[in-house]
Amino acid sequence: MDIPRIFNISESAHRIHNPFTPGNLATLGAALRLEPGTRILDLGSGSGEMLCTWARDYGIVGTGVDMSQMFSEQAKRRAEELGVAGQVEFIHGDAAGYVAADKVGVAACLGATWIGGGVAGTIELLAKSLRTGGIILIGEPYWLRLPPTEEAARNCHAGSMADFLVLPELLASFGGLGYDVVEMVLADHEGWDRYEATKWLTMRRWLEANPDDELAEDVRAGLTSEPVRYAAFTREYTGWGVFALMARTLSIWWITNYEPIPLAALPRVR
Ligand code: SAH
């Protein structure tokens, strides 16, 4: 079982497989005010940078599940390197349907919400592992501004314009699912550049070492087109952030006063 090989090639040198910098990850960990000993579940944990650095910096314990064998092995090595192998474990496997045996204080899925069939399904899945009052973390793209055409949206690696929301709509959608947004950390251009541009040198070096590989032509085509595609589309139109959510508990106040903000009342972004 593994993810398509092309990702293991282009992201083999990444520690963080999304547009977050190490600084963004540390900011998020600090923003959540994690108590030492907090248990965290991370679905699609990649190379384990979040769990490993938070174990070192904030004393958390946790489990990551990821379908890439290579990333899972990198995560285990990183845990040893940072001296936190006793605090975090990494499981190589499909995270779809994964529920933790012991309830966790934080349940996360950063940049892999297809695991639960989309944001709503992933929140539902993570909630099954969460203790009462715990925090769900969702890392998700959104439109910084709407691309002018459907073709431009696809060039941002969205299936269509409707695949992503603008930020106010995304935040409102969490409310619609019954969650308060209690924190957020947003990626910036620096983080996007680290995520995307890091692939280019990795691809170039891989091509030189593997000229006869069956994927060499695809990697060559990617290296030729990616810098311009990224600068013209993703960098212009796509944002990314991690949103911290807590379930709204029903109270008499909510039952009598709750009215979702109609999207039509938001400032015109479309
Ligand atoms: N959260 C990590 C990785 C994000 S990239 C980080 O921020 O660095 C998306 C990750 O999802 C990849 O590591 C990929 O291997 C993993 N993945 C994709 N499908 C998966 C599945 N069905 N189950 C578990 N992991 C999956």
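Indexing begins at 1, ligand by ligand and atom by atom, following the structure's order. In what follows, every heavy atom counts, from backbone to side chain, and hydrogens, waters and symmetry copies are set aside.
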> Can you list the atoms of ligand 1 that are under 4.0 Å from a heavy atom of S68?
Replying inline: 15 (O)

> Parallel, tilted or perpendicular for W54 and Y58, by the 30°/60° rule?
Replying inline: perpendicular

>> Residue-level breakdown please: for C109 versus ligand 1, do any non-hydrogen atoms fall below 4.0 Å on the side chain, on the backbone, on both, or on neither?
In response: neither

>> Tell me whether G44 has any N or O atom under 3.5 angstrom from an N or O of ligand 1.
In response: yes

> Looking at F71, which atoms of ligand 1 are within less than 4.0 Å of one of its heavy atoms?
Replying inline: 13 (O), 15 (O)

> Hey, what do you get for CG (L126) to CD1 (I135), rounding to the nearest 0.5 Å?
Replying inline: 13.0 Å

>> Looking only at side-chain N and O atoms, does E11 offer a donor or acceptor that is under 3.5 Å from a partner on T202?
In response: no

> Can you list the steps and then say if F164 with W143 is a ring-ring contact (aromatic ring centres under 6.0 Å, His included)?
Replying inline: CA-CA 6 Å; F164 304 157; W143 294 128; 4.8 Å; yes

>> F20 vs W240, test: ring-ring contact (aromatic ring centres under 6.0 Å, His included). Steps then yes/no.
In response: CA-CA 8 Å; F20 254 23; W240 196 87; 5.2 Å; yes

> Contact between G139 and ligand 1, counting heavy atoms under 4.0 Å?
Replying inline: no

> Can you tell which of H17, E11, H92 gets a heavy atom nearest to atom 5 (S) of ligand 1?
Replying inline: H17

> What protein heavy atom is closest to atom 9 (C) of ligand 1, reported as residue, atom name and distance in Å?
Replying inline: G111 O, 3.5 Å

>> So is W114 touching ligand 1 or not, going by heavy atoms under 4.0 Å?
In response: yes

>> Can you name the atoms of ligand 1, numbered from 1 with element, that are less than 4.0 Å from a heavy atom of G93?
In response: 23 (N), 24 (C)

> Is it the case that T234 and H157 place a side-chain donor and acceptor less than 3.5 Å from each other?
Replying inline: no

>> Show the atoms of ligand 1 that are less than 4.0 angstrom away from any heavy atom in S45.
In response: 2 (C)

> Would one find an N or O of A95, backbone or side chain, under 3.5 Å from an N or O of ligand 1?
Replying inline: yes

> Of the listed options (N18, N8, D66, I16), which comes nearest to atom 6 (C) of ligand 1 when hydrogens are ignored and any heavy atom counts?
Replying inline: N18

> Do S68 and N8 get their side chains close enough for a donor-acceptor pair, meaning under 3.5 Å?
Replying inline: yes

> Which part of I3 is near ligand 1, with near meaning a heavy atom under 4.0 Å away: side chain, backbone, both or neither?
Replying inline: side chain

>> Give me the residue, atom name and distance of the protein heavy atom closest to atom 25 (N) of ligand 1.
In response: M67 N, 3.1 Å

> Any sub-3.5 Å donor-acceptor pair from D188's side-chain atoms to G191's backbone N or O?
Replying inline: yes

> Do the side chain of E183 and the main chain of A244 share a donor and acceptor less than 3.5 angstrom apart?
Replying inline: no

>> Does the plane of the ring in Y142 sit parallel, tilted or perpendicular to the ring in F243? Use 30° and 60° as the thresholds.
In response: perpendicular

> Looking only at N/O atoms, are L110 and ligand 1 under 3.5 Å apart anywhere?
Replying inline: yes

> Where does D94 meet ligand 1, judged by heavy-atom distances below 4.0 Å: at the side chain, the backbone, both, or neither?
Replying inline: both

